[in-house]
Structures are given as C-alpha cells and as structure tokens.
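Got a structure here, written out as structure tokens. Questions coming.
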Amino acid sequence: MSGDLPLHFKKKVIPGTIDVHPTENAILVNYVVQTNVVGENRQQTLGDRKTAQKTIRIKTLHAKSNLSALAQEIMDRCKLIHPSKQRDLEQLLFYLQQRQTGQGLSDREWLKRQIEGQKKEEESDDDQESGQPSLANVDGYIEGLYEEVPDKVKSTRAVMELAKDPENMDVLVANDALMSALPRVLREDGRRSMDLTHNILYFFFCLSNFSQYHPLITAHKIGDMCLKTTDQELARYDLWMKDLAALESKSVQAPADAQLASELEREHRKLQAMLRKQDQLLFVSFHLLLNLAEDLNVEVKMVKRGVIRYLVGLLDRKTPELVILMLTFLKKLSIFKENKDEMVKNSGELLEKLDPLIPSAQLGIQTLALRLLLNLSHDVGFRSTLVSKGTLGKFVALLHDKDFALIGMQLLYQMSIDDHAKSMFSFTDTIPQILKLILESKPNRVNVELMALAINVSLNCRNAEVICEDSGLKFLMKRAFKTRDSLLFKMLRNLCAHNGAIKMMFLDYIDDMMHLLFKCTGEPELLVEILGILSNLTIPDFDFAKLAEAYDLLGFISSHLNSALALLSEDGGKGIGLTEDDDVTLEVINLLGTMAADESLGPMILKTTILQKLLDMMIAKEEDDEIILQIIFCTYQFLLLGDVRDVLINKTQVVSYLIDLLYDRNVEIRRMCDVCLDIISETSEEWALQIKQQKFQWHNSEWLQCMTQATEDDQEEDLQYASGFPDDPDLDPSYLNYSSTARRGAIISVADFSDSEEDFRGSMIIGGNSALLEGF
C-alpha cells in the first residue's frame, strides 16, 4: 500500500494583478498558490488552487516622492511583483499620490474599476485553470492530434509548453504514441498551418538541447523535415513578395486611388506580421539543426543537403536573433576546409549579404560576421574577392573602434599576406594608424597581431616610404632601442631591405646598432634581426672596413663561427638538425657576404681564419641549403677580391668543393657554383682545363654509363666521379671524406635514360644519403 501513497506536495506561486487599496495608502498584490501532488513515478497531478492577497502599506508617499525609486524599492522587498509590472506599479503609486492631494478618482469610480478588475482576474483564473498544460492530460493531447487543424494546433501548443520544463522530458519521450504522432502530423499537416509546424519543431528543439535525445530526433528524420520546411517557407515568402510587388505596381499606376493605397498599407502591415511569425519558425528550425550538428557525421549530411545555401540566403532577414543564429551556424561550419570551400564558391552572394552587417548596430551580429570573414580569409581566392569588393576600407575603420580593433588587425593581417593586396594599404590610413598604435602602446606590451601586420605591410616598397615619412623611422628606431623588441626590429629589417633613400636613413643609426649588437649576444631573436639590418646595408661605397676596424666586427664573426663549429663537433660532426644558433650563424654569413663588397676589407680577411672556417662550416652543415648557398655567395664575393682570390684558389680546396656542388639538387646552389667556377676559369688556366673536363664528364655520363655496362656483361655498377681528383698529392684529407658517399653533390647513380635534358635531370639521383630524404 505504501507504493500508492504520494511522495510529496509541490507548491507553485503564480503572481497575479496589482491594485491600490480602496481606503488605505497601500498596494494590493494578488497571487495564486497552486499545489501539485508528485507521485513515486514523478508524475504530477493538479491539486488545490488558492487565491491570496498581500497588502503593502506605503508610509513614505508624499507629493515630492520619487515614484520610480519607490516602485523599485517595493519590488525589491516583495518578490510577488514581476519586474515587468514596474510601470504599472508606478502608475498605481501616482494614483495614490493624486488621491492624497484630492486629485484622484472618486470612490464610486474607483470601486467600479475594482469590480471590473476582479471580474477580469476571475476570468483569467478560469482560463488558466482550464488551459494550463499538464502531464496528466497528455493522452487528451494525443487524441487532439487526430482532430482538425485548430485542435492539433492547440494540442501541440500544450505539448510544447510541457517540453519547456526539463523535468517533463523523460515522461514525454517515454510516450511512444506521442513520439510517433508528432512527426506524422508534421509531415502530413505541416504545410497547412505555420503555427502547427512551429509548435512541433519547438518541441523537438527543446529535446535537441540535450545530446542524449539526438539519436531519437535523428531516427524520426526531424532534420530532414526542417530543411523541407525551410524550402516551403522560402517559397511562401517569394509568393508574398510577388503579390506585394503586383499590388505596388497597381498603386503606382493609380496614385489617386485612396482605396488601393489603404489596401497596400494593410498588406504591408500583414506582411510584416507574417515575416515575424515566419522568422520565429525558421529560428526554431535552424537552432534545432545547429544542435544536431554537434555530431560531425550529421553535419556532413546537412552540408550535402545544401544547408549553407539556406544559411547565406537568410542573412538579409530583419530579425536580429535569426541573423545571429545564421552567422553562428556559418562560423561553426567554416572551420572545416570542405565547408569553407563551399562558402567560397558563393563568396559573391555571401559578401553581398554581409556588407550591410559591417558595421551594425547589433554588436553581436557584427562580431560574428567579422569572425566568419576571418575564418574564410585563410583561403587565397576569398582574400582576392575581399580586395576586389573593396572591404579593405571597412577593416581599416575597425582599428578606430576599441571593441573591434583586435579582429580588425587580424583581418588586415590576413589580407596583407598577398603581395597584390599589400600595395593597397598605402592608399588608406592603415599605416598612420599602425604607427600610432605602436608608438602609443606600453613598453614590451605591443600587440602581437599589430606587429605581425606591421611586418607584412613593411615588405612593400611604397608602404615603407609612407612609414618613413614625417620622422616615422626616427620614432620607430627610438622605441626599438628603448624596448629592444625583436618584432619591431624585424619590421625595421624589412624597411632596410628596400633600396633608395630608405636604406640611407639607417646610416644615422649604425653606431647605436653596433653597440646594441654586442650587448644582445644572449638574445638570439634580437641578434638575428640586428645582423639582418646590417646585412641589408648594401650601399655602394660604404666603408665596411672602417666599421669592422672600429668595432672588431671580423673578430665577432670569427668568434661566432668558432662557437658554431664547436657546437657541431659536440654533436658528432654530423650537422644534422637545427640548433638555436643556426639562424644567427646564417645572418653572420650574410653579413660577411655584404661586407665583402668592400675591396679594402680583403687584407683584413686574410689576417683571420674566416676563410677556412667557412669551408669547415660548408662541410659541417651540408644538409642546410640556405647556409651552403650563403657560403657560396661569400666565396663569390671573395673571388672578386684579387688577394683573397689567389689564396682561395691556391691554398684551399674551395674549387674542389664548388665542382662537387656544381650539380647539387638545389637550383640556386648550382647557379652560384657555376658563376664562381666561371670566375676561377677566367683567372686560372690550370683549373680552367680541369673544370672543363669535369663538366664534359657530367654531360656525357649517360653515354659512359651505357658503355661501361655493355663491356661488363650487364653487371650493374655505379659510376662515381671524384670532383677533387685523387691523383693530386696535395689534396686535403678532409675533402676526401667530404667527397665520399655522404657528399650532397656527387653522382650516385643514373637510370631511366631520356632524350631530353629535363627528363634526364628528373631521373638522376644527385647527392649522397641526404638526397634520399623525404621531401626531395
């Protein structure tokens, strides 16, 4: 018997109307106490319903009272008054105030209003008692689903109200009859009533807020019906607009027809009401789809059904909540490449719909629109479309708005990636705004996005000229020396790379940079940028010899090369992988190549061991194409200096190294080696003959390979040509090790012979073990 007893009672207080006391200076608050009986199965049964009244006496009301503040104080103390009734409460207080001064209503009139209010309250209570949805009436709601459309609308509204309470979810879902009837009604009668469709979809939307119900929703194909409903509503919208256009056409033809003008006005009001109703339905439908899209497999199916087309098409609706939902859905989809590509295909229509939203009075809409554009801007084609549509000006304007300055920088950075877009920045106020933000920011707290944008923009020559105008370079250098910001120095390095007057401006700061160079040896990131600026000073007739002598710059270079070689020797001499100092080493070699353009530097170079260290570095870092290329460029510069050239040719093995690298896998390395060997051939007849012989052997290696194979009974044998000529008794033993199977330029094997030179180069294998690495 105990199982049949109720577990507990649940009371619910329902606020009612408020009014003034008939005689006293007080406010009467009416409310209803609803008692529900909750059984063990958690099913609620309606119990007693009692009407009660609370009297709030007001003692501080006088002619000069602040009615708004008094009303707020009453609402804070009495929770039975809903915040939406504040205006009504203020009017009642005003009535009491007037009654105190004798300017209010007469007692007869007030009593009449009280009686009318009580009648309305009783009617409202009767309506609530008869129409309050209850789990106990679910069977009746199901029966209503088999009646006419008005009954179906009423029943689905009741079920929808029940679904708004999460405590009712399990009971509703467990009712198989209800769960099978609702999708059936939606399929069969959804077109007949927008309210009916809205109620059913809202019910499933409430379920979709909980992921455990997603399989159930998917099983009933509610997502498919949402898309079909969207098709239906969009077709209905087109009909409305077509009818309205026809009526407007008639009105234009008969402007004096007052009846037609009145009808047109009514149609406009009717259309606005229908659009609000339709937007509510579409909001529920797409919010349901958004919840289901948590499952990526379901999301892929939606995209295949063309959900992106619907989302883009609805961006021009006037309901802010619906537009926010569409943008949220699109932003979620845009993080996947396949979805991004689909949006880019319709970029013209998408940008046309997004253009009125930037800027927007709704901050949420503008933020989502910008985030969507940021996701799509990772596509090269979409960035080109943004430039062609003239959106750059809108993004620049965002820099003046503190709420959107950050995302504006991010979008501008994305657009500055492309070279053709960089030149557009000089025609806007982007550069002055960038400089202002950099110079006004606190030390060591410059925004990373801002500096990234500045670095990209400074790569364009015209932009660099605008930056340096009006003492812009002076202020940037002053801040750079003060903050020692590596990103700011990277921007300055880009500026210094442009030829002309800009490069000459940096000569005013050469001494400051040299002092900072020796102070920041423990900061690799900063050291790289300062060395890069010095390397970019390719100014004719600049006296690098004087600079090197004043600051012992060659000693600094030699010391760093020694440290790099020592580090490589600790690694076993393999030179495999990158170290933290590799970037610094590369910039040191770049600087040496720039300094070598000064002819007076030659004798100073010969007094050091830099030449041999460069050759040792070439062997140690054979896997690093960039370092090898820059060392060869330094060699080229030294070959142009008479004294240094003689030492390189006669006392080092640099020629053998260059011959070995003549046919390296890297095109630029091959080109620089060829140039260097041409210079050597012009200055040394002995080496000219050997270089000519080596080139002949290379070009005829195919024929020699075939002849060797034919004379050795088809026995495969690799041909190796030692570019250092082993018969030379003065050959450095270290070069023999370099030109073995580990060297990067030697010929290892030749296969798949072809008539064309390009096919031959594609089939041959150049280099030793390094040539077999993935990526080549």
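What you see is a predicted model; the values in this text were computed from it and never measured. Sequential numbering from 1 along the given sequence is applied to the chain's residues.
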May I ask you to decide whether K164 forms a salt bridge with E161, counting only side-chain N to carboxylate O separations under 4.0 Å?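 E161 and K164: salt-bridged.
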Check the angle between the aromatic planes of F329 and F286 and answer parallel, tilted or perpendicular using the 30° and 60° thresholds.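 Geometry flag for F286 against F329: perpendicular rings.
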Salt-bridge contact K332-E299 (side-chain N to carboxylate O under 4.0 Å):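 Answer for the salt bridge query: yes.
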For L372, run the side chain to side chain contact (heavy atoms under 4.5 Å, CB included) check against L354, T367, T328 and tell me which one passes.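 When L354, T367, T328 are each tested with L372, the side chain to side chain contact (heavy atoms under 4.5 Å, CB included) holds only for L354.
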Can we say K353 and E349 salt-bridge, meaning some charged N sits less than 4.0 Å from an Asp/Glu carboxylate O?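 The answer is yes: the pair qualifies as a salt bridge.
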Y202 and H198 aromatic ring geometry - parallel, tilted or perpendicular at 30°/60° bounds: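 Correct class here is tilted.
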With distance as the sole criterion, is a donor-acceptor pair present between the side chains of N30 and T17 under 3.5 Å?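 Note: N30 and T17 side chains meet the donor-acceptor criterion.
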Will you find, in the side chains of Y141 and D151, an N or O donor that is under 3.5 Å from an N or O acceptor?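 Side chains of Y141 and D151: no pair found under 3.5 Å.
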For the residue pair A71 and L89, what are the closest heavy atoms and their distance?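 Result for this residue pair: O-CD2, 3.5 Å.
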Regarding R317 and the six-membered ring of Y237, is the cationic atom NZ or CZ under 6.0 Å from the ring centre and inside 45° of its axis?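 Judged by the rule (NZ or CZ under 6.0 Å from the ring centre, within 45° of its axis), R317 counts as positioned above Y237.
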Contacts of type side chain to side chain donor-acceptor pair (under 3.5 Å), residue E73, not counting sequence neighbours: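 Only R77 meet the side chain to side chain donor-acceptor pair (under 3.5 Å) criterion with E73.
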L325 and H287: which non-hydrogen atoms are nearest, and at how many Å?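 In terms of heavy atoms, the two residues are closest at CD2-N, 3.5 Å.
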Check: N339 side chain, L333 main-chain N or O, donor-acceptor pair, under 3.5 Å: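 Pair found, side chain donor or acceptor close to backbone of L333.
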I'd like to know if the side chain of S180 pairs up with that of R184 as donor and acceptor (distance under 3.5 Å, no hydrogens or angles considered).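 No donor-acceptor contact under 3.5 Å links the two side chains.
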Pair K277 + D195: basic N to acidic O under 4.0 Å: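 Salt bridge present between K277 and D195.
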So, for S377 and L411, which heavy atoms are closest and what is the spacing to 0.1 Å?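 In this case the closest contact between S377 and L411 is OG-CD2, 4.4 Å.
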Restricting to ring-ring contact (aromatic ring centres under 6.0 Å, His included), what partner residues turn up for F395, sequence neighbours left out?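 In terms of ring-ring contact (aromatic ring centres under 6.0 Å, His included), with neighbours along the sequence ignored, F395 is linked to no residue.
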Could you check whether Y310 and D231, counting side-chain N and O atoms only, form a donor-acceptor pair closer than 3.5 Å?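 On atom types as modelled, these side chains qualify, holding a pair under 3.5 Å.
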So, D355 and K389, do they make that salt bridge, N to O below 4.0 Å?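 Salt bridge absent between D355 and K389.
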Which atoms form the tightest heavy-atom contact between Y31 and P15, and what is the distance?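 Y31 and P15 have their closest heavy atoms at CB-CA, 4.2 Å.
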